[in-house]
> 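Starting off with a structure, shown below.
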Amino acid sequence: MRHPIELISLPKITDPRGNLTFIQFPQQVPFIIERVFWTYNVPSGEVRGGHAYKSQEEVIVALSGSFDVIVKLMNGDVQKISLNRGDIGIYLPPMSWRHLDNFSTNAFSLHLSSKKFDENDYLRDFNLISQ
């Protein structure tokens, strides 16, 4: 079953010493995490992403700062989701065309993936998924 694009509320344990948030399968992510990567020190005005995955699922969380996740749907509609909290993520199913932009200073994006890196899983032409 294909899951929809959705915001995911992550558990937040508040404490006077600082908050703690965690992610576990299957409570917060609908897949076993095979790869974790992050982007940071993104220069002002730069864009990350600009692709879809054929089979990979992904959750993105703003651990620090803020940025926008722009998702282009197969019908051409565009959704902009602003991430700026460490206890909120966005789930992106396979075939979700996305890019990230509008990075704040010191933004840090965490990406949890259902697959190990495979260049053959990338779609870098939107027309290939919108047909």
Side-chain angles (χ1 to χ4, degrees):
M1 179 182 127
R2 181 184 155 108
H3 295 277
I5 296 167
E6 64 180 316
L7 287 177
I8 298 172
S9 293
L10 303 171
K12 180 169 118 177
I13 300 169
T14 57
D15 185 291
R17 301 168 296 166
N19 298 333
L20 181 141
T21 293
F22 58 90
I23 299 173
Q24 296 181 142
F25 167 79
Q27 291 86 354
Q28 289 81 38
V29 294
F31 56 84
I32 295 173
I33 299 167
E34 290 281 331
R35 178 169 65 124
V36 176
F37 64 95
W38 48 94
T39 58
Y40 58 99
N41 293 340
V42 179
S44 178
E46 288 297 322
V47 174
R48 300 292 312 211
H51 57 76
Y53 299 112
K54 295 175 190 173
S55 62
Q56 178 176 290
E57 300 171 83
E58 185 174 44
V59 169
I60 303 172
V61 181
L63 291 185
S64 180
S66 63
F67 52 87
D68 296 331
V69 180
I70 312 299
V71 180
K72 188 172 182 180
L73 304 175
M74 289 186 200
N75 66 4
D77 290 348
V78 175
Q79 293 180 350
K80 179 174 94 170
I81 300 95
S82 298
L83 294 179
N84 60 9
R85 293 175 40 189
D87 62 340
I88 300 290
I90 182 171
Y91 168 77
L92 298 169
M95 305 300 284
S96 298
W97 187 268
R98 90 296 300 280
H99 73 268
L100 282 63
D101 68 9
N102 196 28
F103 288 87
S104 69
T105 302
N106 297 323
F108 188 110
S109 66
L110 177 70
H111 301 250
L112 309 171
S113 302
S114 64
K115 308 272 185 187
K116 295 179 181 168
F117 176 79
D118 178 2
E119 180 62 35
N120 294 321
D121 194 43
Y122 281 71
L123 291 171
R124 300 186 186 276
D125 180 349
F126 179 75
N127 293 322
L128 294 176
I129 68 167
S130 62
Q131 297 174 355

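None of the values given here were measured: they were computed from a predicted structure.
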> Can you hop from Val61 to Leu20 via hydrophobic side chains spaced under 4.5 Å?
no

> Could I get the full list of side-chain hydrogen bond (donor to acceptor under 3.5 Å, both in side chains) partners for Asn120, not counting sequence neighbours?
none

> Would you mind reporting whether Pro94 and Gln56 have side-chain heavy atoms less than 4.5 Å apart?
no

> With a cut-off of 3.5 Å and sequence neighbours excluded, list every side-chain donor-acceptor pair involving residues 41-48.
none

> Find the distance between CZ (Arg98) and CD1 (Ile60) and round it off to the nearest 0.5 Å.
5.5 Å

> Asn106: which residues meet the side-chain hydrogen bond (donor to acceptor under 3.5 Å, both in side chains) condition with it, sequence neighbours left out?
none

> Looking only at non-hydrogen atoms, find the nearest pair between Gly86 and Leu10 and report the distance.
O-CD1, 4.0 Å

> For Asp77, what residues pass the salt bridge (Lys or Arg N to Asp or Glu O under 4.0 Å) criterion, not counting sequence neighbours?
none

> Answer yes or no: does atom CZ of Phe37 have more than 12 heavy-atom neighbours from other residues, nucleotides or ligands under 6.0 Å?
yes

> Could you pull out the closest heavy-atom pair between Ser96 and Pro93, with the gap in Å?
OG-O, 2.7 Å

> Using side-chain heavy atoms (C-beta onward) and a distance below 4.5 Å, is Asp87 in contact with Ser9?
no

> Is any side-chain N of the basic residue among Arg124 and Glu119 closer than 4.0 Å to the acidic one's carboxylate O?
yes

> Looking at residues at least two apart in the chain, or sitting in another chain, which of them share a side chain to side chain contact (heavy atoms under 4.5 Å, CB included) with Asn19?
Lys12, Thr14

> Check whether Leu73 and Leu7 end up in the same hydrophobic cluster, where Ile, Leu, Val, Met, Phe, Trp and Tyr are linked by side-chain heavy atoms less than 4.5 Å apart.
yes

> Kindly work out whether a path of hydrophobic side-chain contacts (I/L/V/M/F/W/Y, heavy atoms less than 4.5 Å apart) joins Val36 to Val59.
yes

> Among residues at least two apart in sequence or on other chains, which ones pass salt bridge (Lys or Arg N to Asp or Glu O under 4.0 Å) with Asp118?
none

> What's the separation between atom CG in Asp125 and atom CG in Asn127, rounded to the nearest 0.5 Å?
5.0 Å

> Considering only residues two or more places apart or on different chains, which pairs with a residue in residues 19-34 satisfy salt bridge (Lys or Arg N to Asp or Glu O under 4.0 Å)?
none

> Sequence neighbours excluded, which residues qualify as side chain to side chain contact (heavy atoms under 4.5 Å, CB included) partners of Val78?
Ile70, Lys72

> Using modelled atom types only, decide if a donor and an acceptor are shared between the side chain of Ser114 and the backbone of Glu57 within a distance under 3.5 Å.
yes

> Nearest 0.5 Å please: distance from the CD1 atom of Ile88 over to the CD1 atom of Ile81.
12.5 Å

> Count the heavy atoms belonging to other residues, nucleotides or ligands that lie under 6.0 Å from CD1 of Ile32, then report whether that count exceeds 12.
no

> Working to the nearest 0.5 Å, report the span between CG of Leu83 and CZ of Arg85.
10.5 Å

> For His51, check ring-ring contact (aromatic ring centres under 6.0 Å, His included) against everything at least two apart and list the hits.
Tyr53, Tyr122

> Distance from Tyr91 atom OH to Ile8 atom CD1, nearest 0.5 Å?
8.0 Å

> Below 3.5 Å, can you tabulate the donor-acceptor pairs from side chains in residues 21-31 to any protein atom, sequence neighbours excluded?
residue	atom	partner	partner atom	Å
Thr21	OG1	Pro11	O	3.1
Gln28	OE1	Gln24	N	2.7

> Which residues pass the side-chain hydrogen bond (donor to acceptor under 3.5 Å, both in side chains) test with Ser82, sequence neighbours left out?
Asp68

> I want to check something: taking the side chain as every heavy atom from C-beta on, are Leu123 and Met95 in contact at a cut-off of under 4.5 Å?
yes

> State, to 0.1 Å, how close Ser104 and Gly65 come at their nearest heavy-atom pair, and which atoms those are.
OG-CA, 3.3 Å

> Would you please name every residue forming a side-chain hydrogen bond (donor to acceptor under 3.5 Å, both in side chains) with Ser55, sequence neighbours left out?
Asp121

> Does Arg17 use its side chain to pair, donor to acceptor, with the backbone of Asp15 at less than 3.5 Å?
no

> Hey, are the side chains of Thr39 and Phe103 touching, using non-hydrogen atoms and a 4.5 Å cut-off?
yes

> Is any side-chain heavy atom of Leu100 less than 4.5 Å from a side-chain heavy atom of His111?
yes

